[in-house]
Amino acid sequence: MQKLRQVYEGKAKKVYATDDPELYIVDYKDDATAFNGLKKGTIVGKGVINNRMSNLLMGLLEKNGVPTHLVRELSERETLVKKVSIVPLEVIVRNIAAGSFSMRYGVAEGVAFEEPVIEFSYKNDALGDPLLNTSHALALKLATPDEIETIKAYALRIDRVLQEFFAGCGVTLVDFKLEFGRDSNGRIILADEISPDTCRLWDSATGEKLDKDRFRRDLGGVEEAYAEIMKRVVEHEAT
Ligand code: ADP
Ligand code: UDP
């Protein structure tokens, strides 16, 4: 499968058209951004880790009944995926208060919820990805009522599968962001990536952050944290 032309360059990945009109190649970069692109940097080796980890987790989700865009890994940084029309919603699932939830609602980081919280942001960089609810998403015609229901059901299933998987790695899944899209048949499938860039992952024993918050918050040991979470995921997957 050959890259024909670049169709998009985002903050973390490049997307290429292929000779199959239904397939794209995504190419993971080491570029890191935070705060809607205001903070920029490089995390050496991140692209390789995110590509591998995202594919491994999407493979696990497929086995658990969640359809994804994954077709096959092509190289260390490249993966063949089903082309989708992205639903412009960032779907955030939270098990523990952190980040913008803690800021917005004045809840200390680390407070666990009894039930997972599902939150939507409008995927729109120019507007700064504003928070919105289902009613807003329907008014803006970002998705149909059926699509929203499907997305919420998949999001909760993904949370259950990933929480269990990460627990086996000695890691607490605090929160994460998902993107869904419509495939060529109009079916909702999981797209984009699941990686330490898009999840908060805390060591279950020590609380140490093993995710992009080390970069966002200048905590140091960024590359080491990505390498550590990758090692744990690969070792656990092999068991
Ligand atoms: P951003 O656009 O936020 O800077 P990335 O650098 O990760 O993010 O760019 C990847 C882009 O590709 C994102 O906009 C994402 O919505 C989109 N995307 C992810 N998976 C697919 C797919 N299977 N088909 C089409 N677009 C996709
Ligand atoms: N997230 C993401 N992309 C975004 C915004 C958030 O991947 O554009 C992830 C983030 O890594 C975290 C979760 O979504 O795992 C919740 O993020 P939050 O809303 O707390 O925002 P932040 O504190 O990152 O601004």
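Both counts, for ligands and for their atoms, begin at 1 and track the order of listing.
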Identified side-chain contact (heavy atoms from CB on, under 4.5 Å) partner of F166 from the options V174, L210, V161, L57: L57
Looking at E9, I want to see if its CD is surrounded by more than 12 non-hydrogen atoms of other residues, nucleotides or ligands under 6.0 Å. yes
So between N36, I86, D27, whose heavy atom ends up nearest atom 27 (C) of ligand 1? I86
Can you sort out which atoms of ligand 1 are near Y24, meaning under 4.0 Å from one of its heavy atoms? 24 (N), 25 (C)
Ligand 1 atoms in contact with A12 (distance to a heavy atom under 4.0 Å): 5 (P), 6 (O)
Could you tell me whether R200 and D211 make a salt bridge, using a distance below 4.0 angstrom between a side-chain N and a carboxylate O? no
Is the closest N or O pair between E179 and ligand 1 shorter than 3.5 Å? yes
Does F101 form a ring pair (Phe, Tyr, Trp, His ring centres under 6.0 Å) with F113? I'd like the steps, not just the answer. CA-CA 12 Å; F101 186 99; F113 303 126; 5.0 Å; yes
Report, in ascending order of atom number, the atoms of ligand 1 lying under 4.0 Å from any heavy atom of V15. 12 (O)
Applying a heavy-atom cut-off of 4.0 Å, say which part of V84 lies close to ligand 1: side chain, backbone, both or neither. both
With a sphere of 6.0 Å drawn around CD of E62, does it hold more than 12 non-hydrogen atoms of other residues, nucleotides or ligands? yes
Would you say that I194 contacts C199 through its side chain, given a criterion of any heavy-atom pair below 4.5 Å between the two side chains? yes
Strictly distance-based, threshold 3.5 Å: is any side-chain N or O of D30 a donor or acceptor partner for the main-chain N or O of G45? yes
By chain and number, the residues contacting ligand 2 below 4.0 angstrom (heavy atoms only) are E90, I92, R94, A98, G99, S100, D175, F176, K177, D197, T198, C199, R200, R216
Is V81 linked to M53 within one hydrophobic cluster, defined over Ile, Leu, Val, Met, Phe, Trp and Tyr using a side-chain heavy-atom separation of less than 4.5 Å? no
Suppose we screen for ring-ring contact (aromatic ring centres under 6.0 Å, His included). Which residues come up paired with Y154, at least two apart in sequence or across chains? none
Side chain, backbone, both or neither: which part of H69 comes within less than 4.0 Å of ligand 1 when only heavy atoms are counted? side chain
So is there a nitrogen or oxygen of K82 less than 3.5 Å from a nitrogen or oxygen in ligand 1? yes
Just by distance, no angles: are the side chains of D159 and N95 close enough, under 3.5 Å, to form a donor-acceptor pair? yes
Number the atoms of ligand 1 from 1 as they appear, then name those within less than 4.0 Å of a heavy atom of V81, with their elements. 23 (N)
